Amino acid sequence: MLDINLIISDTKHVHDALLKKGFDVDFAPLIKLYDERKTLILKSDELKTKKNKLSASVPMVKKQGGDIEAIFAEVKALNKDIEKYDEKLAKVEKDIFDFLSPLPNMPDDDLLPGEKENNQVIKVFGEKPKFDFKPLDHVELCEKLGLVDYERAAKVSGRGTWFYTNLGARLEWALLNYFIDTHINDGYKFMLPPHILNEESGFTAGQFPKFKQDVFWLEGVEPKKFILPTAETALVNYHRNEILKEENLPEKLFAYTPCYRCEAGSYRTEERGMIRGYQFNKVEMFAYATEKNSKQCFEELVDKACKLVEGLGLHFRLSKLAAGDCSHSMARTYDIEVYIPSMDIYKEVSSASNANDYQARRGNIRYKDAETGKTKYCHTLNASGLATSRVFPALLEQCQNADGSVTIPQVLRKYMGGIEKLYPIK
RNA sequence: GGAGAAGUACCCAAGAGGUCGAAGGGGCUCCCCUGCUAAGGGAGUAGGCUUGUAAAAGGGCGCGAGGGUUCAAAUCCCUCCUUCUCCGCCA
């Protein structure tokens, strides 16, 4: 949610910022609503003051034997007027809410406008692996090495899903453990959140109202519940409606969950295998910060995500996204994209974002400023650390050998009983 | 899933239709005393949102959430949410 006061006081700035995300918003109706709201509050409050005074005088008047009935009648009349104003006010406030809630976050000033084409690669790690043989794609590798079973998953569940089998499951689990242990060592708090969330949680994260159709909803359950599309949705709601202490910020968390996404119709032939599925595993980092330390937090998250991929020895790059390619709720997003040789493209394994106070406003998450004693909105940040479904294929493809085997990165071996290589099964 | 009980400020807790933004503790801040500590004595400290203003003063709304009754609701009624206890079911 954007700050209405900022919109009123600096309309052009907000307008131009949103334009960078491709939203050309006419704020005139909002400004009108804002003024109407103030007028209505003024009027309603004035009547309420009168009413409260009259009502409070009743016991006194009674004692003195005055005319109580006259007071009753007067207050009743006032109540009718108050009701009228309050109804109008409720309508205006709802209109304001409806105006603001679908608007995206403002991108930070330094972002380029536009979409993907304006993303900037800011750093490249390692280089494209060179093969003196014809490298296989990860789907073939998974099959030959017996790591993943797509066909039976199609039978059991449907397309866009898979079984990790045997060493595939161990490799997946090793990745997750490698991520988790790294975050624990870095002092992040480990969280295992519920996977079924209520509607308010979706609103706070900024996934609703816009992306309601992208998540799985439980049928026949009241009140409505959905299955989390990312642990971020749960973590950002952890402190919903709370006032935190500044001395406890930043609060750094991480969680492991599968992520469940509909993404109906977005399945492309290019995205074979596990590049895009209805369910994938992800370790998510999250931070509650203050306006003072959120930038530093962001750098740390990006750095941590990069180090994880680096630790695996994979070639990848770090991109700063243009305004229009940032998530709806985010003021800035950096993507870590790992190289997939078979497609000769880079695929996102981590998305690090700073929402500034956008999500905090939606979820009413604040902190008390230690100096001024004032309550301020928190800044919320998140970064994948990491999503396995992209790392797994990249790892197989980048680490494959001429004999069809795949070398397990050093950091994962201790989680796989010391296995150094995966070999094709007969 | 069934049956009961409860949700009040940072925490515990009183409150039973007007004088309640809400007693009393604890905590916290300051002072005194005891060479330190423990203990004791005294004083102070109540939130959030919003309106208003140069700043204030002043208003309005807030006692889990939302409705209702009433001139007047923390207090009465309804719905929902949550927690606890008991029973059932179950990994």
Side-chain angles (χ1 to χ4, degrees), chain A residues 1-9 30-97 99-101 192-204 218 220-226 234 237-249 251 258 288 290 357 359-378:
Chain A
M1 200 81 102
L2 298 175
D3 178 4
I4 189 167
N5 289 311
L6 181 67
I7 296 175
I8 299 297
S9 65
L30 182 70
I31 295 170
K32 189 160 165 274
L33 286 168
Y34 180 84
D35 292 336
E36 272 178 54
R37 175 173 166 275
K38 291 223 169 179
T39 314
L40 287 168
I41 287 176
L42 228 55
K43 197 66 203 169
S44 165
D45 282 1
E46 186 191 324
L47 296 176
K48 279 176 186 160
T49 309
K50 218 189 252 181
K51 166 206 163 148
N52 288 342
K53 281 202 177 126
L54 276 173
S55 247
S57 73
V58 167
M60 212 30 178
V61 174
K62 217 186 228 171
K63 219 181 259 174
Q64 297 168 346
D67 185 0
I68 327 176
E69 291 304 323
I71 297 180
F72 291 176
E74 198 175 338
V75 175
K76 269 187 182 170
L78 279 170
N79 275 340
K80 266 194 185 157
D81 286 342
I82 290 171
E83 198 179 334
K84 261 186 241 158
Y85 283 111
D86 280 354
E87 267 169 22
K88 277 188 210 163
L89 182 62
K91 168 90 171 58
V92 167
E93 294 201 315
K94 180 171 187 305
D95 288 346
I96 290 176
F97 178 85
F99 190 103
L100 290 176
S101 65
L192 289 171
H195 297 186
I196 296 171
L197 309 178
N198 56 28
E199 227 176 338
E200 295 82 6
S201 293
F203 178 81
T204 301
L218 261 54
V221 175
E222 275 304 323
K224 287 190 174 135
K225 313 255 182 187
F226 67 98
N237 280 283
Y238 187 65
H239 285 308
R240 168 147 51 94
N241 287 325
E242 290 184 28
I243 299 177
L244 308 175
K245 288 190 181 141
E246 183 174 3
E247 71 236 41
N248 295 333
L249 301 177
E251 180 173 346
Y288 290 92
T290 67
D357 63 0
Q359 290 179 321
R361 280 179 191 282
R362 295 171 85 91
N364 197 27
I365 306 159
R366 293 166 297 168
Y367 69 95
K368 201 168 266 279
D369 187 282
E371 270 173 53
T372 62
K374 291 204 168 161
T375 50
K376 291 183 173 169
Y377 286 101
C378 288

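Treat the numbers as computed from the prediction; the structure is a model and nothing was measured. Labels below follow one simple rule: chain letters A, B, ... track the order of the sequence lines, proteins then strands, and each chain is numbered from 1.
In this structure P258(A) satisfies the side chain to side chain contact (heavy atoms under 4.5 Å, CB included) test together with H195(A), Y256(A), Y260(A), Q279(A), N281(A), sequence neighbours excluded. Remark: S201(A) engages N198(A), R240(A) in a side chain to side chain donor-acceptor pair (under 3.5 Å) (not counting sequence neighbours). Residues passing the side chain to side chain donor-acceptor pair (under 3.5 Å) test with N241(A), sequence neighbours excluded: N364(A). Residues that satisfy the side chain to side chain contact (heavy atoms under 4.5 Å, CB included) test with E251(A), not counting sequence neighbours, are K189(A), Y238(A), H239(A), L249(A), L253(A), Y288(A). The side chain to side chain donor-acceptor pair (under 3.5 Å) search around D67(A) returns none, not counting sequence neighbours. Applying the side chain to side chain donor-acceptor pair (under 3.5 Å) rule to K84(A) yields no partners; only residues at least two apart in sequence or on another chain are considered. A search for side chain to side chain contact (heavy atoms under 4.5 Å, CB included) contacts involving L89(A) returns R37(A), L40(A), I41(A), D86(A), E93(A), not counting sequence neighbours. For L218(A), the side chain to side chain contact (heavy atoms under 4.5 Å, CB included) partners two or more places apart in sequence, or in a different chain, are I196(A), V221(A), K225(A), I227(A).
At a non-hydrogen distance threshold of 4.0 Å, D45(A), K48(A), T49(A), K51(A), N52(A) from residues 44-53 of chain A come into contact with RNA chain B. For the segment residues 67-82 of chain A, the set of residues with a heavy atom within less than 4.0 Å of an atom of RNA chain B comprises F72(A), V75(A), K76(A), N79(A), in numerical order.
OP1 and OP2 of U50(B) both lie 4.0 Å or more from every side-chain N or O belonging to R37(A).
Using a 4.0 Å cut-off between charged nitrogen and carboxylate oxygen, K32(A) and E36(A) count as a salt-bridge pair.
The side chain of V58(A) approaches G18(B) more closely than any other nucleotide in the set U50(B), G48(B), G18(B). Distances from the side chain of S55(A) to the nucleotides U50(B), G48(B), C71(B) place C71(B) closest.
Pair assignment for C89(B): none, as no Watson-Crick or G-U wobble contacts are both less than 3.5 Å. Across all strands shown, C76(B) forms a Watson-Crick or G-U wobble pair with G68(B), both key distances being under 3.5 Å. G7(B): Watson-Crick or G-U partner is C81(B), with both key distances under 3.5 Å. Pairing for U29(B) goes to A43(B), judged as Watson-Crick or G-U wobble with the two contacts each under 3.5 Å. Under the Watson-Crick or G-U wobble criterion, with both distances below 3.5 Å, C61(B) is paired with G48(B).
Using a distance-only test at 3.5 Å, with no hydrogens or angles considered, no donor-acceptor pair links the side chain of S55(A) to the main chain of N52(A).
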**Request:** Evaluate the side chain to side chain contact (heavy atoms under 4.5 Å, CB included) criterion for residues R362(A) and Y377(A): first the C-alpha distance (whole Å), next the side-chain angles of each, then the deciding distance (0.1 Å), finally the verdict.
**Result:** CA-CA 10 Å; R362(A) 295 171 85 91; Y377(A) 286 101; over 6 Å; no
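K62(A) comes within contact range of at least one nucleobase, with a heavy-atom separation under 4.0 Å.
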Polar atoms only, N or O, under 3.5 Å: list the protein pairs with nucleotides 52-56 of chain B and their distances.
unit_1: G52(B); atom_1: OP2; unit_2: K38(A); atom_2: NZ; d: 3.0

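If you take CG of L40(A) and P of C61(B), they are 16 Å apart, rounded to a whole angstrom. For the pair K368(A) NZ and C49(B) C1', the computed distance is 12 Å after rounding to whole Å. For the pair I8(A) CD1 and U51(B) P, the interatomic distance rounds to 11 Å; values are reported in whole Å.
The glycosidic torsion of G62(B) lies within 90° of 0, placing the base in the syn range.
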Return all side-chain donor-acceptor pairs below 3.5 angstrom for residues 72-83 of chain A, not counting sequence neighbours, or 'none' if the list is empty.
unit_1: N79(A); atom_1: OD1; unit_2: K51(A); atom_2: NZ; d: 3.0

